[in-house]
Protein chains: 2
Amino acid sequence: MAHVTIKQIAERVGISKGAVSYALNGRPGVSEQTRARVLAVAAEMDWAPNSAARSLSGARSRTVGLVVTRPAEALGAESFFVSFVAGLESVLGPHGHGLLLQVVPAVEAEQATLHTWARERRVDGVVLLDPRVDDPRVALVGALRMPAVVVGHPSFARGLPCVWKDDAVAVTAAVEHLTGLGHRCLGRVAGPARLGHTAVRDGAFVAAAARRGAAARVRITDFSAAQAAGATLALVREDQVTGLLFDNDLMAVAGLSALVGAGLAVPDDVSVVAWDDSVLCHVTHPQLTAVGHDLTAYGAAVADLLVRQAEGEEVADVEVAVPDLRVRASTGHAAPAPGPRPWTVPA
Amino acid sequence: MAHVTIKQIAERVGISKGAVSYALNGRPGVSEQTRARVLAVAAEMDWAPNSAARSLSGARSRTVGLVVTRPAEALGAESFFVSFVAGLESVLGPHGHGLLLQVVPAVEAEQATLHTWARERRVDGVVLLDPRVDDPRVALVGALRMPAVVVGHPSFARGLPCVWKDDAVAVTAAVEHLTGLGHRCLGRVAGPARLGHTAVRDGAFVAAAARRGAAARVRITDFSAAQAAGATLALVREDQVTGLLFDNDLMAVAGLSALVGAGLAVPDDVSVVAWDDSVLCHVTHPQLTAVGHDLTAYGAAVADLLVRQAEGEEVADVEVAVPDLRVRASTGHAAPAPGPRPWTVPA
DNA sequence: CTGAAAGCGCTTACAG
DNA sequence: CTGAAAGCGCTTACAG
């Protein structure tokens, strides 16, 4: 049963290989009767097209590539990852496409991977995660003439098709939630400055706070738990912040722990808002208010755009649903009387 | 520069395509002088072998497959995932192999994927994660004559090569740590019973507790945070457990939260030991004692075995380092006087 | 040491 | 509607 080819099907049915190919691919050139017979025999023989042969004939590999850079960018995205990939697969699978995954230590290696994939014709297109400011990958895939979809804001895609969500609106909702609770001094524990979405969120954060007459402080981190904890305590102790917005769930959990460890109560002393709303937000005490989104739908939209683009279709940018704020126990009213607090005294 | 083929290299150097192939693959049949010239020209033209053509000629696709089942099994493995895959890639990349990833909703779909990959000749071999008791995939890859490596204990691999670590020894170390602190009644929050490693760990847990004269209770869960929280409270309230061992980090965090939410202190009332020791264990308060292992090395060992097997080598099972216990603040001395406690009164 | 040729399993113009 | 043939870009016996 192994290694069934169209040649064997052709012999069994008594027609040429070419006719078998037409029948199998639903193209004109064979009678419906012949087509039905071919399909039946192929199914009976458990035939499937040899992917290498198909790629070599047509131009397509029926494979899409995804490079994940680790550790910095990816660490924060661990919870992101499985859901997003599941979304990709929900579209790729039914189209018969595979997902080639590469995990690399740094961004330089990512560019080398894209170059190699292009030269080897391994993939029909690639997903570009976490676009950076002046991202070199954008120019690279252009030079390689490689179909690509940027997962992020159009301003970072510079002409490449992208799938994006409006983080600015979500940040604004979080800020208004906190100011609505009476918080007058807000802090944001952000990811690396070179990431495009950091810039978008920072800008929206500062603007939204200003509109509400609240102070806004941003601290940049590398997504690590240690830096998240440090930034959290610095914001609260040095900047008198009482309401915090984090750039992902893991940092929010790390920040929560740091606060509790410093003798501060959440939400009585400080309110905490996470970002992504993975299962982590449900396993803390108190549970975390979070900006949440549908990662699976996000991945599906990316795959859809990529497949259509690889098939030569003209595609336009896609905006998915705006992330929404899911309020839980980690956000509460600010203390009525602002002013010096015990913990502002140097430890 | 696009679409460079060996034909073009042959023309440029002035020899046949066959000779170019020999030179490029380091095979005898060309002079060293010719080989050097070919290599130089290939590099200059930025040539790389077309992967489809190479697969079609030889039998190899230079691709390895990994199927991840979601949600149940995979959810607990999210933190597991990126490190393990990074380990796989650290070996696959230098060998020029790609990793084809599929995320499927259930185990039936996983078998369909393996079948499809075999028929399409998409992969040279597959990684089988989370072996189950009487795992149907083991028989399937045998029938498909598909090279495979089982990530788990030899008793579940039934003849397939496997990479494993001695969980029983690690469980025993955790039990002895807890009994050494004076705990006389231990609980284990386990994953699904059908998973092979659940059986191994359950058995070691009960046996080790018995050797120390301690009581042992096991509660099976589906890896969800909700069931982990429920099992934790049931063990403590109904079974008078004071020392807990969890099957992964996420469940340990969920259990910790449930305990704190129920007014219990960790480690003063209950000690908690997590499993995997991902970053999650560092972002709780208190930080979690955990059984930890080197996931990247684990993945690298799997990839090494798979590549060697796909190349036709006879391979033997590989045992990687025994997971070790990393003691932190979540484990402490048991209350000296056992007996009824306040929280055993029905809430 | 080198060249000419067949073949891997498909797809796709091109004739009948 | 159908068949015979060329071609995708490699690898690999087989002759010289």
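Just so we're on the same page: letters track the sequence lines, and every chain starts at 1.
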Inset, instruction - Verify the neighbour count for atom CD of A:E313: are there more than 12 heavy atoms of other residues, nucleotides or ligands below 6.0 Å? - result: yes
Legend entry - Under-4.0 Å side-chain N/O to phosphate OP1/OP2 contact, B:S21 with D:dC10: no
Legend entry - Length of the CG-P vector between A:L56 and C:dG7, whole Å: 17 Å
Legend entry - 5'-most by nearest nucleotide on DNA chain C - A:P49 or B:K17: B:K17
Legend entry - Which atom of A:A109 lies closest to which atom of A:V104, heavy atoms considered: CB-CB, 3.7 Å
Inset, instruction - Choose from D:dG3, C:dG3, D:dG7 the nucleotide whose nearest atom is closest to any side-chain atom of A:S57. - result: D:dG7
Inset, instruction - For A:A53 and for B:P28, locate the closest nucleotide of DNA chain C by heavy-atom distance; then report the residue assigned to the nucleotide nearer the 5' terminus. - result: B:P28
Inset, instruction - Using a cut-off of strictly less than 4.0 Å, decide whether B:T34 has a side-chain nitrogen or oxygen near OP1 or OP2 of C:dT2. - result: yes
Inset, instruction - Round to the nearest Å and state the distance from A:K7 atom NZ to C:dC10 atom C1'. - result: 13 Å
Inset, instruction - Taking only the side-chain nitrogens and oxygens of A:S55, find out if one of them lies under 4.0 Å from OP1 or OP2 of C:dC10. - result: no
Legend entry - Atom-pair distance (CZ on B:R62; C1' on D:dT11), nearest Å: 12 Å
Legend entry - Value in whole Å for how far the P atom of D:dT12 lies from CG of B:L24: 13 Å
Inset, instruction - Could you tell me whether B:K165 and B:E319 make a salt bridge, using a distance below 4.0 angstrom between a side-chain N and a carboxylate O? - result: no
Legend entry - Salt bridge B:D124-B:R62, side-chain N to carboxylate O under 4.0 Å: no
Inset, instruction - Look through every strand shown and name the nucleotide pairing with C:dA15 as Watson-Crick or G-U wobble, where both distances are under 3.5 Å. - result: D:dT2
Legend entry - d(CD, A:E11; P, C:dG9) in whole Å: 12 Å
Legend entry - Distance in angstrom units between B:N25 CG and D:dG9 P, rounded: 17 Å
Inset, instruction - Take atom CZ of A:R54 and atom P of C:dT12, then tell me their distance rounded to the nearest Å. - result: 9 Å
Inset, instruction - Would you please test A:R12 and A:E44 for salt bridge (Lys or Arg N to Asp or Glu O under 4.0 Å) and show each step? - result: CA-CA 11 Å; A:R12 180 100 156 254; A:E44 185 191 330; 2.6 Å; yes
Legend entry - B:S16 side-chain proximity, nearest of C:dG9, C:dG3, C:dT11: C:dG3
Legend entry - Separation of atom CD in A:Q8 from atom P in C:dG9, rounded to whole Å: 8 Å
Inset, instruction - Ignoring backbone atoms, establish whether A:R27 has a side-chain N or O less than 4.0 Å from OP1 or OP2 of C:dT12. - result: yes
Inset, instruction - Could you check which of C:dC14, D:dC8, D:dT12 has an atom nearest any side-chain atom of A:Y22? - result: C:dC14
Inset, instruction - Report yes if at least one side-chain N or O of A:N50 is closer than 4.0 Å to OP1 or OP2 of C:dC8; otherwise report no. - result: no
Legend entry - Given C:dT2, C:dG9, D:dT11, the nucleotide with the shortest approach to the side chain of B:S31: C:dT2
